[in-house]
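Order of the sequence lines sets the chain letters (A, B, ...), proteins ahead of strands, with each chain counted from 1. Fair warning: this is a prediction, and the values are worked out from it, not measured in the lab.
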There are 2 protein chains.
Amino acid sequence: MAGQHTLNETENEVVSRLGGLHLDYEAMAVTSNLFRAANAVRNHLERTVLAKSDLTWTAFVVLWVVWIWEPIETRGIAAEGGFSKATLSGVLTTLEGRGFLTRERSAADGRLVLVNLTPAGRRLMKKLFPEFNQEECNITRHITTSDLPQAAQILRDLIRATE
Amino acid sequence: MAGQHTLNETENEVVSRLGGLHLDYEAMAVTSNLFRAANAVRNHLERTVLAKSDLTWTAFVVLWVVWIWEPIETRGIAAEGGFSKATLSGVLTTLEGRGFLTRERSAADGRLVLVNLTPAGRRLMKKLFPEFNQEECNITRHITTSDLPQAAQILRDLIRATE
DNA sequence: CAATATTCGTTCGGGCCCGAATTATCGGCT
DNA sequence: AGCCGATAATTCGGGCCCGAACGAATATTG
């Protein structure tokens, strides 16, 4: 939310609108920056690495999860990727149509659907993931190395706080 | 991406798939957790605070930005909120239809559109924002207080890294 | 002052996103 | 065996999301 204006400018405006109501500005700063950071990183990676393969962020995450855990059930992909099964169904259809993965009903339990990468899907990930990680590197390089593990830990704390 | 499996399990799987290729797992952990955290916090706030007013996250951000800066141009809202003008156009139409804000062409520059809250929009934010901030508080409470400013700073570093 | 370039908001097309309803299957219980 | 509650995945409806293309208005340049 704190975009072209500084956080102080925003805070001053908020104070003037709410007339001294008690608010936690540090909490505001954390959630606000959390979203701006996530969106900024996502858009950056989509443009620099994913665009050339015409993949969205979510499609890439799905491919990555399947690549690591195949064969994996639909519910597992959704849990691992952090989106709903409804969302996943559509993305799977897209990726299946492009020939990157396959759906197959489980013989052991007729309710389950098992997902696997095709050879083309594996080739794509083998090429794409190192590039993706290199760019992740470039982005996080701006954080002091000693702070990196703490950054990951703080983010994990936030995840746990919503459970 | 690191969902029900631990990061170590995931890392082991990645190593076995890539056969010793050099990867930066700390960078992976940061971006992965960044997204899981952002989505978790967003979904949590949408369910606990925003759902009762039938507002999406983005709609709330738009109302918040307009509330603080009105009158504000369309391009300003998009920059401040961190989404594209194309996205904003649709959200503005939704919120205008619900009577929370108004669009008005600028007299000084015929290309600009100025956005203002309606009284109903201001009433909504005056009620909703303190509840929203309280929940932000509950979430960030799990971070050691002394780490809060550093958390915000690390996130700002990530934002800057993509510019 | 007219031709040109830039800036702004919107629209369009395709894809993601979720909750709720739906269909199919499984497991337990009688 | 037959029912019944639980569980899986999909579909559906409405909304968000972006880049590209568009048209209107302004700014710039010769």
Centroid-centroid distance, B:Phe129 to B:Trp67, less than 6.0 Å: yes

Aromatic centroids of A:Phe132 and A:Trp64 separated by under 6.0 Å: no

Mind calculating the distance between [atom1] ([X]) and [atom2] ([N]) to the nearest angstrom?
X	N	atom1	atom2	result
B:Leu112	C:dT7	CG	C1'	9 Å
B:Glu73	C:dG9	CD	P	7 Å
B:Leu50	C:dG19	CG	P	13 Å
A:Arg75	D:dA8	CZ	C1'	8 Å
A:Leu92	C:dG15	CG	C1'	14 Å

Counting primed atoms plus P, OP1 and OP2 as sugar-phosphate and everything else as base, spell out the protein contacts along nucleotides 16-21 of chain D at 4.0 Å heavy-atom distance: B, S or - for each nucleotide, 5' to 3'. SBBB--

Can you give one letter per nucleotide of nucleotides 23-29 of chain D, going 5' to 3': B for a protein heavy atom under 4.0 Å from the base, S for sugar-phosphate only, - for none? --BS---

For residues B:Thr118 and B:Arg123, is any side-chain donor paired with an opposing acceptor at under 3.5 Å? no

Would you sort out whether A:Arg111 and A:Glu73 count as a salt bridge (charged side-chain N to carboxylate O under 4.0 Å, His left out), showing the intermediate values? CA-CA 10 Å; A:Arg111 293 169 299 183; A:Glu73 304 148 8; over 6 Å; no

For A:Lys127, look at atom NZ and say whether over 12 heavy atoms of other residues, nucleotides or ligands are found less than 6.0 Å away. yes

Would A:Arg103 and A:Thr74 satisfy side chain to side chain donor-acceptor pair (under 3.5 Å), going step by step from the backbone distance to the final call? CA-CA 9 Å; A:Arg103 284 195 261 212; A:Thr74 295; 5.9 Å; no

